[in-house]
Amino acid sequence: MTFINQLATSEGRSVTLRGWVANKRSSKGLVFIMLRDGSGLCQCVADASNLTQEVFSLADKLTQESSVEIVGTVNRDERQVGGYEIQVSDLRIYQLARDYPITKKAHGIEFLMDNRHLWLRSRRQWAIMRIRNQIIQAIHRFFQERGFVQMDSPIFTGNAAEGTTTLFETDFYDEKAYLAQTGQLYGEAMAMAMGLIYTFGPTFRAEKSKTRRHLSEFWMIEPEMAFYDLDMCMDLIEEFLRYVVEAVLATCPSELELLERDVEKLEHVRKPFARLTYTDAVKIIRGEKDVNGRNSLKTLENDLDELRQRIEDMQAEVEEREAKIKTPGLKKGEINFNLNKIARLKNELKDLEESAKNIPQWLESARAFEHGNDFGGSDETVLTRLFDTPVIVYNWPADIKAFYMKRANDSSFVKGVDVLAPEGYGEIVGGSEREENLELLTQRIQEEGLPMEAFEWYLDLRRYGSVPHSGFGLGLERLVAWICKLPHVRETIPFPRMYGRLFP
RNA sequence: UCCUGCGUAGCUCAGCUGGUUAGAGCAUCUGACUGUUAAUCAGAGGGUCGUUGGUUCGAGCCCAACCGCAGGAGCCA
């Protein structure tokens with residue numbers, strides 16, 4: 001048995017492929033089967049003139065997603081997907097599929113989500129999952145090469161670490177337990193045992209948010225490093241993100257191409273990342289400070305003008321094409337081509353009009369941004385569009401960050417760090433140097449009104465050989481969404497769990 | 001939780017100011033075609049217009065409530 005992505009080694013020879021029919025086209029005496037085997041796609045040609053009638057009729061009755069075994073000769077053909085074509089000599093049907101729900105035409109998102117178990121078979125999803133896989137591999141390699149030990153934190157927890165976000169409550173032998181929303185406190189304990197550790201596992205947040213950036217169940221990578229201060233932590237984050245993106249660029253060029261990802265934009269990670277204090281970031285958002293001669297508010301106003309112009313142009317194009325398809329005697333192919341264009345343009349128009357509606361609000365909230373507040377989605381976008389690298393923002397107001405973060409020299413700030421991805425993808429990393437002083441930490445827990453008993457084990461870490469240490473958390477799905485430039489995180493995980501979505 | 005929009009064939013959508021028998025493309029089935037790339041061409045079958053109630057001589061279209069979905073806000077990785 002041969003896989004499609006290994007056909008290069010079998011050129012001119014006969015091979016046996018097993019897979020599924022992604023698509024079929026036929027004309028008299030010829031059947032073109034687009035075979036999908038998980039490793040790739042390959043067109044297989046069944047020619048009646050060199051097959052028994054029995055085998056040819058099998059090929060002729062194939063349907064979309066039927067499972068087959070195909071024996072045939074590998075021919076080089078530059079025009080084909082993957083560069084090879086199979087001349088079929090024998091064919092066997094495992095199962096004939098009937099009425100496969102996902103057809104070659106467009107589908108709505110609800111239908112696709114209801115059929116997620118089948119949607120995973122389509123090309124885009126295939127590419128995304130392969131990139132996700134490479135990202136995961138790269139993450140492990142990065143940390144393993146640097147002597148980090150993977151140590152996983154528990155998923156059942158007895159108390160809320162950060163207290164702020166909503167938790168999924170569950171029953172643990174008649175005791176209330178929560179699904180972990182972070183493993184960070186456990187990570188600190190493990191770092192005191194091992195020096196350098198990272199966790200890699202699922203986390204759960206019961207936020208009733210329906211946005212392109214939220215899942216109820218998502219995978220998080222949380223490294224924790226003994227004897228690291230905030231600067232060392234930020235250096236590590238930068239090196240880490242660069243490593244992962246470079247790995248995807250090196251291993252997944254065809255997947256990125258299939259997704260029509262603008263690879264140049266990803267290559268910007270090779271440059272040093274922008275690093276700003278929170279206070280500077282606020283000045284930039286409010287338009288009080290320029291970046292490389294660019295002002296956030298003016299940039300936004302220009303964008304809005306450009307956007308409006310584009311909307312007008314697109315509306316004109318839609319009208320033009322709608323008039324054109326009414327021309328009598330126009331070929332059906334050309335009508336279809338124009339109908340598709342119109343549908344695509346209308347979809348794009350919807351997005352653009354949404355943006356045009358949003359930008360004035362963004363301008364408003366950017367101008368009115370108050371020092372001391374956390375960034376909203378629009379503030380992140382306003383800031384990151386001025387840079388082409390990820391933006392690292394550090395030294396945050398203590399009031400909006402968690403109790404365990406170490407105070408900066410000015411004690412109203414903490415040594416926390418957020419990393420914002422470019423192209424509007426927002427926060428992908430959050431981290432900090434941790435408070436290692438027992439008294440200060442105890443005081444912070446009291447201030448937050450958190451139950452002290454629950455944190456006794458955590459405070460032990462400060463009683464027995466407390467050291468400066470830092471760590472961060474990376475949301476895997478948001479990273480995948482950015483690298484693949486997806487409109488929504490729901491496509492970054494095989495079976496997304498989110499508000500309003502538990503099946504399939 | 002709030003704001004906006006949508007719900008018509010298996011799927012994606014059209015359906016005018018409320019008016020006779022509800023429309024297209026894809027998918028399915030039948031047939032044609034020896035190089036197709038979402039193949040094409042001819043034909044056929046396929047509908048409780050989200051649910052409930054109301055207005056009206058008459059509702060897919062108007063009104064109300066509910067349900068579902070999408071986008072945005074808040075919150076976050």
Side-chain angles (χ1 to χ4, degrees), chain A residues 22-34 41 43 45-50 56 61 63-64 77 79-81 85 87 97-115 123 162 164-166 181-182 184 203-222 325 331-333 335-337 339-340 342-343 346-347 350-351 353-355 357-358 361-362 365 373-378 380 400 402 418-421 425-431 472-482 487-490 492 499-501:
Chain A
N23 194 12
K24 189 194 86 174
R25 289 174 287 268
S26 65
S27 60
K28 189 174 172 68
L30 278 176
V31 177
F32 302 95
I33 301 157
M34 188 58 79
L41 288 167
Q43 175 161 279
V45 185
D47 187 337
S49 64
N50 52 33
F56 184 76
K61 73 177 182 190
T63 55
Q64 205 187 349
D77 188 342
R79 292 166 303 175
Q80 302 305 335
V81 189
E85 185 180 75
Q87 195 60 230
R98 280 272 159 244
D99 293 330
Y100 184 69
I102 299 178
T103 63
K104 288 174 270 182
K105 282 276 166 102
H107 294 286
I109 192 64
E110 188 186 359
F111 179 79
L112 290 171
M113 288 294 284
D114 285 342
N115 289 283
R123 283 172 84 174
E162 291 174 27
T164 49
T165 36
T166 334
Q181 54 167 340
T182 168
Q184 115 119 66
T203 42
F204 307 87
R205 307 229 172 141
E207 291 156 2
K208 288 184 179 173
S209 34
K210 291 180 74 140
T211 82
R212 58 184 66 206
R213 304 208 300 275
H214 286 86
L215 291 170
S216 304
E217 177 182 302
F218 63 98
W219 289 69
M220 195 150 66
I221 294 88
E222 295 185 280
I325 56 176
K331 284 227 175 89
K332 198 175 168 186
I335 291 174
N336 278 341
F337 176 80
L339 280 174
N340 286 330
I342 290 167
K346 278 187 175 171
N347 257 329
K350 246 189 235 170
D351 282 356
E353 277 164 0
E354 180 81 37
S355 304
K357 221 168 64 183
N358 284 337
Q361 290 168 19
W362 292 0
S365 75
N373 287 353
D374 204 353
F375 296 163
S378 71
E380 290 178 353
I400 55 170
D418 279 6
V419 180
L420 310 177
Y425 281 90
E427 189 179 350
I428 51 170
V429 170
F472 65 91
L474 169 100
L476 177 65
E477 285 74 19
R478 285 191 183 174
L479 180 64
V480 177
W482 165 48
H488 200 296
V489 287
R490 64 187 157 217
T492 63
Y499 185 55
R501 175 62 61 182

TODO: Just call it for A:S378: base, sugar-phosphate, or nothing, with non-hydrogen atoms closer than 4.0 Å on any strand.
DONE: nothing

TODO: Check the distance between B:G35's P and A:N50's CG and give it to me in whole angstrom.
DONE: 15 Å

Open item on the list: Taking any heavy-atom pair under 4.0 Å as a contact, classify A:Q361: base, sugar-phosphate, or nothing.
Closed with: nothing

Task: Between B:U55 and B:G46 - C1' atom distance, rounded Å - done: 34 Å

- [ ] Assign each of A:W362 and A:V45 to its nearest nucleotide of RNA chain B by heavy atoms, then name whichever residue's nucleotide is nearer the 5' end.
- [x] A:V45

Task: Per A:R213 side chain, nearest of listed nucleotides B:U1, B:C75, B:G35 - done: B:C75

Open item on the list: Should the side chain of A:E85 and the base of B:G35 be counted as holding a donor-acceptor pair, with the cut-off at 3.5 Å?
Closed with: yes

Task: Main-chain N/O of A:F218 paired to A:T203 side chain as donor or acceptor, under 3.5 Å - done: yes

- [ ] Pick the P atom in B:U12 and in B:U34, then give their distance to the nearest Å.
- [x] 36 Å

Task: Backbone N/O of A:W219 and side chain of A:E477: donor-acceptor pair under 3.5 Å - done: yes

Open item on the list: Any base atoms under 4.0 Å from A:L215, or only sugar-phosphate, or nothing? Heavy atoms, all strands.
Closed with: base

Task: Nucleotide paired to B:A70 in any strand shown, Watson-Crick or G-U, under 3.5 Å - done: B:U4

Open item on the list: What contact category does A:V429 fall into here, base, sugar-phosphate, or nothing, at under 4.0 angstrom with non-hydrogen atoms?
Closed with: sugar-phosphate

Task: Under 3.5 Å: donor-acceptor pair, side chain of A:T63, backbone of A:A97 - done: yes

Task: Candidates B:U34, B:A27, B:U37 - which lies nearest the side chain of A:S27 - done: B:U34

TODO: Write down the distance separating the C1' atoms in B:U4 and B:G60, rounded off to the nearest Å.
DONE: 23 Å

Task: For A:E110 against A:R501, the heavy-atom pair lying closest together - done: O-NH2, 4.0 Å

- [ ] Please tell me which of the listed nucleotides, B:C33, B:A77, B:U36, lies nearest to the side chain of A:K28?
- [x] B:C33

Task: Rounded distance in Å between the P positions of B:A44 and B:C26 - done: 14 Å

Open item on the list: Using a 4.0 Å heavy-atom cut-off, does A:R98 contact any base of the nucleic acid, only the sugar-phosphate backbone, or nothing at all?
Closed with: sugar-phosphate

TODO: Would you mind classifying the nucleic acid contact of A:Q80 as base, sugar-phosphate or nothing, using non-hydrogen atoms under 4.0 angstrom?
DONE: base

Task: Protein-nucleotide distance (A:K208, atom NZ; B:A73, atom C1'), rounded to Å - done: 16 Å

Open item on the list: Using the side-chain heavy atoms of A:I109, tell me which of these nucleotides is nearest: B:G10, B:C33, B:A70.
Closed with: B:A70

Task: Euclidean distance, A:D47 CG relative to A:Q87 CD, rounded to 0.5 Å - done: 6.0 Å

Task: Interatomic distance, A:E380 atom CD to A:D374 atom CG [nearest 0.5 angstrom] - done: 8.0 Å

Open item on the list: Side chain of A:F32, heavy atoms from C-beta onward: which of B:C33, B:U36, B:A77 has the nearest atom to it?
Closed with: B:U36

Task: Separation between the P atoms of B:G72 and B:U17, rounded to whole Å - done: 31 Å

Open item on the list: Assuming nearest nucleotide by heavy-atom distance, tell me which of A:D99 and A:G29 is located more 5' along RNA chain B.
Closed with: A:D99

Task: Side chain of A:D77 (C-beta onward), nearest among B:G10, B:C76, B:G35 - done: B:G35

Task: Same-atom distance (P) from B:G25 to B:G43, integer angstrom - done: 10 Å

Task: Protein-nucleotide distance (A:F111, atom CZ; B:C26, atom P), rounded to Å - done: 17 Å

- [ ] To the nearest Å, give me how far apart OH (A:Y425) and C1' (B:C76) are.
- [x] 18 Å

Open item on the list: Suppose we define a pair by two distances each less than 3.5 Å, Watson-Crick or G-U wobble; what does B:A24 pair with here?
Closed with: B:U12

Task: Shortest side-chain distance from A:R490, nucleotide among B:U34, B:G35, B:G71 - done: B:G71

Task: Under 3.5 Å donor-acceptor, A:R213 side chain and A:R478 backbone - done: no

Open item on the list: Considering every strand and a 4.0 Å limit on heavy-atom distances, what is the contact class for A:F218: base, sugar-phosphate, or nothing?
Closed with: base

Task: Sugar-phosphate, base or nothing in reach of A:D374, heavy atoms under 4.0 Å - done: sugar-phosphate

TODO: Can you tell me the distance, in whole Å, between the NE2 atom of A:H488 and the P atom of B:C69?
DONE: 13 Å

Open item on the list: Suppose you measure atom C1' in B:C49 against the same atom in B:C62; what distance do you get, rounded to whole Å?
Closed with: 16 Å

TODO: Identify which nucleotide among B:G35, B:C75, B:U12 has an atom closest to any side-chain atom of A:H214, counting heavy atoms from C-beta outward.
DONE: B:C75

- [ ] Could you tell me the separation between the CG atom of A:L112 and the P atom of B:A70, rounded to a whole number of Å?
- [x] 11 Å

TODO: Scan A:G500 against the nucleic acid and name what it touches under 4.0 Å (heavy atoms): base, sugar-phosphate only, or nothing.
DONE: sugar-phosphate

TODO: Determine which nucleotide pairs with B:U55, using a 3.5 Å limit on both distances of a Watson-Crick or G-U wobble pair.
DONE: none

Open item on the list: Under a 3.5 Å cut-off for both contacts, is B:A77 paired Watson-Crick or G-U wobble with anything, and if yes, with which nucleotide?
Closed with: none

Open item on the list: Using a heavy-atom cut-off of 4.0 Å across all strands, would you classify A:T63 as base, sugar-phosphate, or nothing?
Closed with: nothing

Task: Separation of B:A38 C1' from A:Q43 CD (nearest whole Å) - done: 13 Å

Task: B:C11 versus B:U51 - spacing of their P atoms, nearest Å - done: 14 Å

TODO: Using a 4.0 Å heavy-atom cut-off across all strands, classify A:R501 as base, sugar-phosphate, or nothing.
DONE: nothing

Open item on the list: So if I take every side-chain heavy atom of A:R212 and compare against B:G72, B:G68, B:G35, which nucleotide ends up nearest?
Closed with: B:G72

Task: Side-chain (A:R205) to main-chain (A:Q181) donor-acceptor, under 3.5 angstrom - done: yes

TODO: Could you tell me whether the side chain of A:H488 reaches within less than 4.5 Å of the side chain of A:L215, counting heavy atoms only?
DONE: no

Task: Spacing of A:K24 atom NZ relative to B:C33 atom C1', expressed in whole Å - done: 14 Å

Task: hbond_proxy A:H107 side chain to B:C11 base (donor-acceptor, 3.5 Å cutoff) - done: no

- [ ] Give a yes/no on whether any side-chain N or O of A:K210 is located under 4.0 angstrom from OP1 or OP2 of B:A70.
- [x] yes

